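One is the number of the first residue; the rest follow in order along the sequence. Counting convention: from 1, in listed order, for ligands and their atoms alike. The structure displayed is predicted, hence computed values, not measured ones. Every heavy atom of this structure was used, including side-chain atoms; hydrogens, water molecules and symmetry mates were not.
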Amino acid sequence: MDHSKKGMRIGILTAGGDCPGINAAIRGVGKTAILEYGMEVIGISSGFLGLINKETIPLGEDDLSGILTHGGTILGTSREKPFKKKAGNELLFDKPQLIKKHYEELGLHALVCIGGNGTQRTASLLAEEGLNVIGIPKTIDNDVWGTEITFGFDSALWIATESIDRLHSTANSHKRIMVIEVMGHHAGWLALYSGVAGGGDVILLPEIPFDEKAVCDYMISRANRKKPYSIVVVAEGIVHPENKSAAQHIGEMIKKNTGLETRETILGYIQRGGSPSPMDRILATRYGSSAVEMIAQEKFGGMMAYVGGNIVEVPLSEVGEKLKTVPAGFSLIEKARKMEISFGDQ
Ligand code: F6P
């Protein structure tokens, strides 16, 4: 125990879309801060909105008990972006200045921001404004730049994979093509991993432009080879048809061009809910605890990242709002191609 940091007060907020593991991270930050360093911890309600409105939630040791396994976030979240100016709209008040004012009034020595790309960008801008900020990356999309993995991804991967597993038996019974849509607007990590883990036959990612004819030809060749059914896993961001989801678009397209019976499933928010996987609990705990070690050493302006098995710190200014997408020639894609999994591009 090192109570030399007694009297230091830190704030925690959670912003952007929720995911399993956020409460584990809050607990990792809170317990390490309180029990190891004797710091005081304050929860900020609903992301950056809570700093704008000065709405806090007490976070004593007791408040951190029993939350490790819970989904969602006990602090609430929002997609508030305080630095975003709406074109043509006069700002009624300067949100960043309000945040600075409330940060000082609350007597905070540091602020831990748990979130995805947008959150890390805001955290970086607040650091430029002089606040002592540390970022922790979370999202089921696994697309935060600078870290190999975000917590939330593993839990979502379990849910998506289990769903694909379940589609196999009904697809086989009816000899149908099943199209399943998982989340991911710009990054296809979840589609790629769940598609491979679930034994998908076609996987469509935002990073790989696909040819509709190539997808249909592959479905027909499978049917001709007496493969009784096919599973097509698509990321939500592969196409943007009006009033339709990606899965509906692909399902209808296959039906029209091949005559094969096709059904669609959109997994939606199920992917983001519920208890975190053991790996996400551990990752979130490591991030949370490491963030407090940074604060204790008064090293600010970084985001905790997982690199080569270690938790390290990368400068928030480098993370920005950059996206970590699936790179061309990614090894898992190459392995999948050798097993006749189609990415719709050849
Ligand atoms: O931020 C992760 C994510 O789950 C994306 O995969 C998804 O497209 C988006 O959030 C949905 O956002 P919202 O909760 O605002 O509908």
What's the shortest distance from atom 16 (O) of ligand 1 to any protein heavy atom, and which residue and atom give it?
-> Y269 OH, 2.4 Å
Which of the ligand 1 atoms, numbered from 1, are nearer than 4.0 Å to a heavy atom of M183 | 4 (O), 6 (O), 7 (C)
Can you pull out the closest protein heavy atom to atom 4 (O) of ligand 1? Residue, atom name and distance to 0.1 Å, please.
-> R272 NH1, 2.9 Å
Can a salt bridge be assigned to the pair E261 and R263 using a cut-off of 4.0 Å between side-chain N and carboxylate O?
-> yes
Lys/Arg-Asp/Glu bridge criterion (N-O < 4.0 Å) met for D94, K100 = no
Sequence neighbours excluded, the answer for salt bridge (charged side-chain N to carboxylate O under 4.0 Å, His left out) partners of R286 is none
Identified ring-ring contact (aromatic ring centres under 6.0 Å, His included) counterpart of F153 within the set W189, W158, Y193 | Y193
Taking atom 2 (C) of ligand 1 as the reference point, the nearest protein heavy atom with its distance | D141 OD2, 3.3 Å
Taking only heavy atoms of G184 into account, list the atoms of ligand 1 that are under 4.0 Å away from them.
-> 6 (O)
Per-atom contacts of ligand 1 with E236, taking only distances under 4.0 Å to non-hydrogen atoms = 5 (C), 6 (O), 7 (C), 8 (O)
Write out the residue and atom name of the closest protein heavy atom to atom 1 (O) of ligand 1, then the distance separating them to 0.1 Å.
-> R79 NH2, 3.6 Å
May I ask you to check whether H168 and Y229 place their ring centers less than 6.0 Å from one another?
-> yes
Results of salt bridge (charged side-chain N to carboxylate O under 4.0 Å, His left out) for K256 - residues two or more places apart only = none
